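Okay, so here's the structure we're looking at.
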Amino acid sequence: MTYLMQSEAEAERLRAQERANPSRARLIDTGLAAGARAVDVGCGSGEVLASMAELVGAAGHVTGIEPTEALLGQAAARLKETANVTLRAGALPQTGLSGQSFDYVWCQYVFEYLKEPAAALTELVRLARPGGKVIVTDLDGLGLAHWPTSSVVEEGIPLFQKALARTGFDLFVGRKLFHLFRQAGLLDVKVHVYPFYVVAGRADDRLLEDWRVRFKTLAPVAMPEFGGETPYQRFVEAYLRLFEDENALKYAIVLCTEGTRS
């Protein structure tokens, strides 16, 4: 897995994102409860782990798996006084964890980066005990739903999508998870839909900064598709103006897919 968003600003971006769009409701809706043994595969800087540890309580335990050393260090610092959490380096599709070890297997904002999502899901299913839950949460079409817009944005979006696709990044992975879950043999598969952001008017400073960081981090990947720095920056500036537009609607959704291991 290539984590395209890796940068010095990433831990803070993830913290701000979790504060603005908390995962707690999704965790509760998909059955995380007191006493559970749970795992967060791709735990990042540990923000979701903190909520998971609180929900499972002292009788439960949460394991966090993260491949990026810097983010794992951030998670360790964030959770150093949380007794019911264990952190380990690891990544899909081979986490190195024992099979059938968890009541609740959670993976958020990871599958969009994966070139072989079916193999990754097989690993998540392996980690769940019989009757245990597997939950994969991801975005679908992030940054593509807005109106009205400009020709610069409309012409630039396909180039941006093409640049991401060359790396294996899938902007539309959220809608594909239901089928993957069914193919993997999971039972009682359900899909929950949540807003990631809904901006009627000007976006707040947090979201604007989130997009600035995204565009800056992804510049080396995107610029060749645009033909250089100048046309890429023209697109970025037009896109940010769209998020500042008081008369434009911008929104994005999160699809949270859950299933039960037989």
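Keep in mind that what you see is a predicted model, and the values were worked out from it rather than measured.
Residues forming a side chain to side chain donor-acceptor pair (under 3.5 Å) with Glu47 (at least two apart in sequence, or on another chain): Arg78. Shown here are the side chain to side chain donor-acceptor pair (under 3.5 Å) partners of Asp103, two or more places apart in sequence or in another chain: Arg129. Remark: Arg206 engages Asp210 in a salt bridge (Lys or Arg N to Asp or Glu O under 4.0 Å) (not counting sequence neighbours). With sequence neighbours excluded, the residues forming a side chain to side chain contact (heavy atoms under 4.5 Å, CB included) with Ser51 are Leu27, listed by chain and number. For the salt bridge (Lys or Arg N to Asp or Glu O under 4.0 Å) test, no residue two or more places apart in sequence or in another chain qualifies with Arg182. When the salt bridge (Lys or Arg N to Asp or Glu O under 4.0 Å) test is applied to Glu155, no partner is found at least two apart in sequence or on another chain. With sequence neighbours excluded, the residues that form a side chain to side chain contact (heavy atoms under 4.5 Å, CB included) with His179 are Gln183. Legend: residues meeting salt bridge (Lys or Arg N to Asp or Glu O under 4.0 Å) with Arg126, ordered by chain and number and at least two apart, are Glu123. Residues meeting the side chain to side chain donor-acceptor pair (under 3.5 Å) test with Thr86, sequence neighbours left out: His61. Among residues two or more places apart in sequence or in another chain, the side chain to side chain donor-acceptor pair (under 3.5 Å) test is passed with Arg212 by none.
No side-chain heavy atom of Leu180 sits under 4.5 Å from any side-chain heavy atom of Leu186. Considering only heavy atoms from C-beta on, Leu92 comes within 4.5 Å of Val41 through its side chain. By the 4.5 Å heavy-atom criterion applied to side chains, Arg261 and Gln100 are counted as neighbours. Residues Arg24 and Glu54 meet the side-chain proximity criterion, which asks for heavy atoms closer than 4.5 Å. Using a 4.5 Å heavy-atom threshold, the side chains of Val199 and Leu249 count as separate. Side chains of Leu255 and Asp138 form no contact here, defined as non-hydrogen atoms less than 4.5 Å apart. Looking only at side-chain heavy atoms (C-beta outward), Thr137 and Val254 come within less than 4.5 Å of each other. Counting heavy atoms from C-beta on, the side chains of Arg214 and Leu142 come closer than 4.5 Å.
For Phe215 and Phe160, the gap between ring centers is short of 6.0 Å.
Separation of atoms SG (Cys107) and CG (Leu124) is listed at 5.5 Å; rounding is to 0.5 Å. With values rounded to the nearest 0.5 angstrom, Thr30 atom OG1 is found 2.5 Å from Tyr104 atom OH. Put simply, CD1 on Ile253 and CG on Leu139 are 9.0 Å apart, with the number rounded to the nearest 0.5 Å. To the nearest 0.5 Å, atom CG of residue Leu87 and atom CD of residue Gln74 are 12.0 Å apart. In this structure, SG in Cys256 is found 7.5 Å from CD in Gln108, a value given to the nearest 0.5 Å. Expressed to the nearest 0.5 Å, how far OG1 of Thr149 lies from CD1 of Ile157 amounts to 6.0 Å.
Within the structure, the salt bridge (Lys or Arg N to Asp or Glu O under 4.0 Å) test picks out the following pairs touching residues 159-173 (sequence neighbours left out): Lys162-Glu225, Arg166-Glu225, Asp170-Lys176. Sorted by first then second residue, the side chain to side chain donor-acceptor pair (under 3.5 Å) pairs that include residues 229-252, not counting sequence neighbours, number zero.
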message: I'd like to know whether Asp40 forms a side chain to side chain contact (heavy atoms under 4.5 Å, CB included) with Thr63, so could you lay out the CA-CA distance, the side-chain angles of the two residues, the decisive distance to 0.1 Å, and finally the verdict.
response: CA-CA 6 Å; Asp40 181 356; Thr63 299; over 6 Å; no
- request: Applying side chain to side chain contact (heavy atoms under 4.5 Å, CB included), run through Phe181 and Val134 and close with a yes or a no.
  value: CA-CA 9 Å; Phe181 271 52; Val134 176; 4.2 Å; yes
query: Could you walk me through whether Leu49 and Thr82 pass the side chain to side chain contact (heavy atoms under 4.5 Å, CB included) check?
result: CA-CA 10 Å; Leu49 272 177; Thr82 306; over 6 Å; no
- prompt: Taking it one step at a time, do Val105 and Ile135 satisfy side chain to side chain contact (heavy atoms under 4.5 Å, CB included)?
  reply: CA-CA 6 Å; Val105 179; Ile135 299 91; over 6 Å; no
- prompt: Given the rule in the salt bridge (Lys or Arg N to Asp or Glu O under 4.0 Å) test, do Glu258 and Lys133 qualify, once you have shown the distances and angles that lead to the verdict?
  reply: CA-CA 7 Å; Glu258 66 165 292; Lys133 287 285 194 71; 2.9 Å; yes
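Closest of all the heavy-atom pairs between Asn21 and Pro195 is ND2-O, 2.9 Å. Between Ala248 and Leu242 the shortest heavy-atom distance is CB-CD1, 3.9 Å. Closest of all the heavy-atom pairs between Gly46 and Leu79 is O-CD1, 4.0 Å. Across all non-hydrogen atoms, the minimal contact from Ala75 to Gly44 is CB-O, 3.7 Å. Closest approach of Ser23 to Val48, counting heavy atoms only: OG-CG2, 3.5 Å. Summarising the geometry of Ala163 relative to Ala222, their closest heavy-atom pair is CB-CA, 3.8 Å, with the distance given to 0.1 Å.
For the pair Arg26 and Tyr194, the cation-pi test (distance below 6.0 Å, angle within 45°) is passed.
In this structure a side-chain-to-backbone donor-acceptor pair under 3.5 Å is present from Glu66 to Thr68. For the pair Asp188 (side chain) and Thr260 (backbone), a donor-acceptor distance under 3.5 Å is absent. With hydrogens and angles ignored, the 3.5 Å screen pairs no side-chain donor or acceptor of Thr95 with any backbone N or O of Ala91. A donor-acceptor pair is defined here as one N or O able to donate and one able to accept, closer than 3.5 Å; no such pair exists between the side chain of Thr122 and the backbone of Ala120. Looking at Arg37, its side chain never comes within 3.5 Å of a backbone N or O of Phe102 through a donor-acceptor pair. A distance-only check finds a donor-acceptor pair linking the side chain of Asn84 to the backbone of Ala53 [under 3.5 Å].
Residues Leu14 and Val62 do not share a hydrophobic cluster, clusters being chains of Ile/Leu/Val/Met/Phe/Trp/Tyr side chains in contact below 4.5 Å. The same ILVMFWY cluster, assembled from side-chain heavy atoms under 4.5 Å apart, contains both Trp211 and Phe226. Leu144 and Tyr197 end up in the same hydrophobic cluster when Ile, Leu, Val, Met, Phe, Trp and Tyr side chains are linked at under 4.5 Å. In the hydrophobic clustering of ILVMFWY residues, with side-chain heavy atoms under 4.5 Å counting as a link, Val110 and Phe178 come out together. The hydrophobic cluster containing Tyr109 also contains Leu171, counting ILVMFWY residues as joined when their side-chain heavy atoms lie under 4.5 angstrom apart, directly or transitively.
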